[in-house]
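The structure under discussion appears below in the form of structure tokens.
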Amino acid sequence: METNIINAADVPFNYARCISAACPLASACLRAIAWRLLGADEPTATVLNPAVTSDDAACAYYRDSSPVAYARGFTGMQRRMYPDQYAAFMQACIRRFGRSAYFKRRRGEIAMPPSEQDFVLAAVRNAGAPADVGFDAYERRVNWNGD
């Protein structure tokens, strides 16, 4: 089992915390971990309404604390595409991310969670480019948003 140490400084600003002490998933849920890490010097915190959470695996607000693979950069993809394929791919990505954010992702300045990786690979396939292209680098990170 991979150990993952999360510090109070890692918790995003205004991250919704879960206060349910009875939940059997609390030891692996980012929202419960964030609650336990809340310091006494924090005067306020965003907390989930206990009436909307559930104490089982069906909880819609559960966020797994296991690290996932984030991708950085896809400059190598362009070399594997024909110019028309790359133009179609780039336009699809710009529509999704915006022009500046597209180029930041392409250069690897923004780490892409699994949902964004799926979109980029779908855009590659929709452009008719080889499906076996990969990202420039990967890193393991906690996925606070669950996307």
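Heads up: numbering here begins at 1 and tracks the sequence.
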Are a donor atom and an acceptor atom from the side chains of Gln85 and Arg80 found within less than 3.5 Å of each other?
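No, no side-chain donor-acceptor contact under 3.5 Å.
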What heavy-atom pair brings Cys23 and Ser54 nearest, and what distance separates the two atoms?
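Closest approach of Cys23 to Ser54, heavy atoms only: SG-O, 4.4 Å.
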Identify the heavy atoms of Ala111 and Arg141 that sit nearest to each other, and give their distance.
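Distance-wise, the nearest heavy atoms are CB-NH1, 2.9 Å.
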For [X] and [Y], indicate whether the former's side chain and the latter's backbone hold a donor-acceptor pair under 3.5 Å.
| X | Y | value |
| --- | --- | --- |
| Arg31 | Tyr61 | yes |
| Arg140 | Pro67 | yes |
| Ser65 | Leu30 | no |
| Asn7 | Ala9 | no |
| Glu116 | Tyr70 | no |

So, do [X] and [Y] sit near enough that their side-chain heavy atoms are less than 4.5 Å apart?
| X | Y | value |
| --- | --- | --- |
| Ile19 | Leu48 | no |
| Thr53 | Tyr62 | no |
| Asn143 | Pro114 | yes |

Set out, in order, the CA-CA distance, both residues' side-chain angles and the distance that settles side chain to side chain contact (heavy atoms under 4.5 Å, CB included) for Asp10 and Val142, then state yes or no.
CA-CA 9 Å; Asp10 298 332; Val142 172; over 6 Å; no
Could you give the distance from NZ (Lys104) to CD1 (Ile110), rounded to the nearest 0.5 Å?
5.5 Å
Nearest 0.5 angstrom please: Arg72 CZ to Glu109 CD, how far?
9.0 Å
salt_bridge(Arg107, Asp136) N-O dist < 4.0 Å
no
Taking only distance into account, with no hydrogens and no angle test, what donor-acceptor pairs under 3.5 Å do side-chain atoms of residues 33-46 form with protein atoms, sequence neighbours excluded?
| unit_1 | atom_1 | unit_2 | atom_2 | d |
| --- | --- | --- | --- | --- |
| Arg36 | NH1 | Ala26 | O | 3.3 |
| Thr46 | OG1 | Asn14 | OD1 | 3.3 |

So which residues get pulled into Phe74's cluster when ILVMFWY side chains under 4.5 Å apart are joined, directly or through others?
Met77, Met81, Tyr86, Phe89, Met90, Ile94, Phe97, Tyr102, Phe103, Met112, Phe119, Val120, Leu121, Val124, Val133, Phe135, Tyr138
